[in-house]
> 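Sharing a structure here in structure tokens format.
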Amino acid sequence: MQNVLQCTIAVIKVASRCNLNCSYCYMYNMGDNTYRNQPKFIEQGTAEQIIERIAEHCEEHKVPDFMFVLHGGEPLLASKDWYRHFVNYARKVFEPLESVPSFALQTNGVLLDDEWCELFMELGIAIGISLDGTRKDHDHYRKDHAGRGSYEKVLQGIEVTKRVMGHASIIAVININSDPDETYHHLSNMGVSNIHLLLPDANYDKPPPQREGTAPEDAQDQYADWLIRMFDLWMEDPNEKKPGIRMFTQLLRMLWGARTTSDSLGTERNEVIVIETNGDYESLDSLKICGEGFTKADANVADTTLNEALNSELARMYHLSHENLCPQCAACDIHELCGGGNLPHRYHNNNGFDNPTVYCRTQARLITHIQNRWVNGMPAEFVEKSGIAKVQLEELIRGFAQFPPPGTGKAPMVPESNPI
């Protein structure tokens with residue numbers, strides 16, 4: 001494949017502070033404190049430079065559609081005037097180009113009200129809201145700085161969003177101590193249009209949370225059991241207005257032969273760049289879980305083009321993460337669906353990213369379950385013609401045993417510094 005990288009999505013850190021203190025947050029609570037050196041809010045001048053750099057990149061690479069994802073911290077801590085200026089300036093700069101800009105925003109939902117939703121309608125900004133399930137499960141992790149749960153305020157924000165904007169989408173980080181039946185019915189009954197389930201950010205140095213009272217080595221099967229149950233509930237839900245669940249719809253689309261872009265699945269490139277409140281480029285914000293300053297590349301929109309930023313070692317590694325797999329992933333029968341998993345989840349301090357995802361068994365069990373259930377539901381003639389067959393999970397996992405354990409083998413794939 002051509003090795004010239006391009007970008008189609010920019011995650012803009014509108015604010016580098018948050019009004020919540022979620023215990024699993026990769027920005028503030030997983031060992032990287034560089035946010036303390038960032039401006040609390042992005043200045044309009046910096047935002048304009050970002051837009052100009054991106055427009056320059058889109059024109060050079062003939063990018064047809066570009067998405068600005070407004071993020072944080074909590075982006076609603078910024079002013080409404082900032083958003084008006086940002087969107088209007090972006091549309092002005094892009095007007096003579098063939099590229100079409102679009103806008104999305106991710107919020108914890110606490111500050112959402114009629115005025116915010118009306119502004120997003122006016123500016124054409126799609127929003128996603130973070131909600132982790134039932135009140136008990138959500139409030140276990142997503143607390144404010146005084147230790148109070150945020151569920152009630154988020155719920156109010158979702159209701160306002162549905163009323164003003166006509167629909168709402170949520171992102172939910174999986175709480176392995178939650179009941180998948182309760183979680184599915186709670187979320188699906190809220191009347192949201194889409195649910196984006198996320199595995200907790202983790203790697204071999206910071207293992208995933210396991211169910212209370214169980215051993216760490218049991219965690220992968222616990223997540224697999226949870227996701228498989230959630231998938232079955234979703235598939236068997238007769239409600240025509242049931243929400244889409246992104247992880248599941250992506251896997252089903254890939255089984256039908258479609259291409260899909262995802263950090264955690266598939267073979268497509270990750271055409272994303274992150275830009276901090278001071279204008280610094282970062283390859284992927286959740287890579288902060290790998291260590292203090294890990295994502296810093298000493299590159300800023302003031303003096304570095306987007307092309308140059310994409311050529312840092314870490315940025316290239318992220319963008320090509322579904323192509324550059326460790327030997328175990330490359331030999332795996334389902335690697336075209338799994339894609340080796342999310343890059344931050346592959347990290348081990350001993351050998352960098354030259355490992356399968358820490359959720360390898362989880363993803364293997366989920367994908368084989370979905371594929372085998374899909375095959376069972378298709379006419380035999382179609383299955384034979386498509387060439388898709390059932391996958392034997394036991395054989396797949398036995399094949400993993402021929403490879404060395406994660407954290408052994410090659411030297412680290414990322415140097416101590418990450419220069420452009």
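Only heavy atoms go into these numbers, but all of them, side chains included; no hydrogens, no water, no symmetry mates. Numbering of residues begins at 1 and proceeds along the displayed sequence. All values reported here derive from a predicted model rather than from experimental measurement.
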> Can a salt bridge be assigned to the pair Asp201 and Lys288 using a cut-off of 4.0 Å between side-chain N and carboxylate O?
no

> Can you tell if the side chain of Leu112 reaches within under 4.5 Å of the side chain of Phe120, non-hydrogen atoms only?
yes

> Once you measure the plane-to-plane angle for Phe248 and Phe231, does it fall in the parallel (<30°), tilted (30-60°) or perpendicular (>60°) bin?
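If you compare the ring of Phe248 with that of Phe231, the planes turn out perpendicular.
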
> Any carboxylate oxygen within less than 4.0 angstrom of a Lys/Arg side-chain nitrogen, looking at Asp285 and Lys13?
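Yes, this pair counts.
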
> Can a salt bridge be assigned to the pair Asp114 and Arg163 using a cut-off of 4.0 Å between side-chain N and carboxylate O?
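A salt bridge is present here (some side-chain N lies under 4.0 Å from a carboxylate O).
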
> For a 4.5 angstrom cut-off between non-hydrogen side-chain atoms, does Tyr359 reach Leu366?
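SC-SC contact between Tyr359 and Leu366 ruled out.
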
> Within the side chain of Glu323, is there an N or O that forms a donor-acceptor pair under 3.5 Å with the backbone of Leu320?
no

> Tell me whether the centres of the aromatic rings in Phe103 and Tyr83 are closer together than 6.0 Å.
no

> Looking at Asp81 and Arg84, is any side-chain nitrogen of the basic one under 4.0 Å from a carboxylate oxygen of the acidic one?
yes

> More than 12 heavy atoms of other residues, nucleotides or ligands under 6.0 Å from NZ of Lys242: yes or no?
yes

> Donor-acceptor check, side chain of Gln328 to backbone of Pro356, threshold 3.5 angstrom: yes or no?
no

> How about Gln44: does its CD atom have over 12 heavy atoms from other parts shown lying under 6.0 Å from it?
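Correct, the count exceeds 12.
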
> Under a 4.0 Å threshold between the charged nitrogen and the carboxylate oxygen, would Lys92 count as salt-bridged to Glu95?
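Looking at Lys92 together with Glu95, the answer is no, because their closest N to O distance does not fall below 4.0 Å.
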
> Using side-chain heavy atoms (C-beta onward) and a distance below 4.5 Å, is Tyr151 in contact with Val154?
no

> Mind telling me whether Tyr35 and Tyr28 have parallel, tilted or perpendicular rings, with 30° and 60° as the class edges?
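Geometry flag for Tyr35 against Tyr28: perpendicular rings.
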
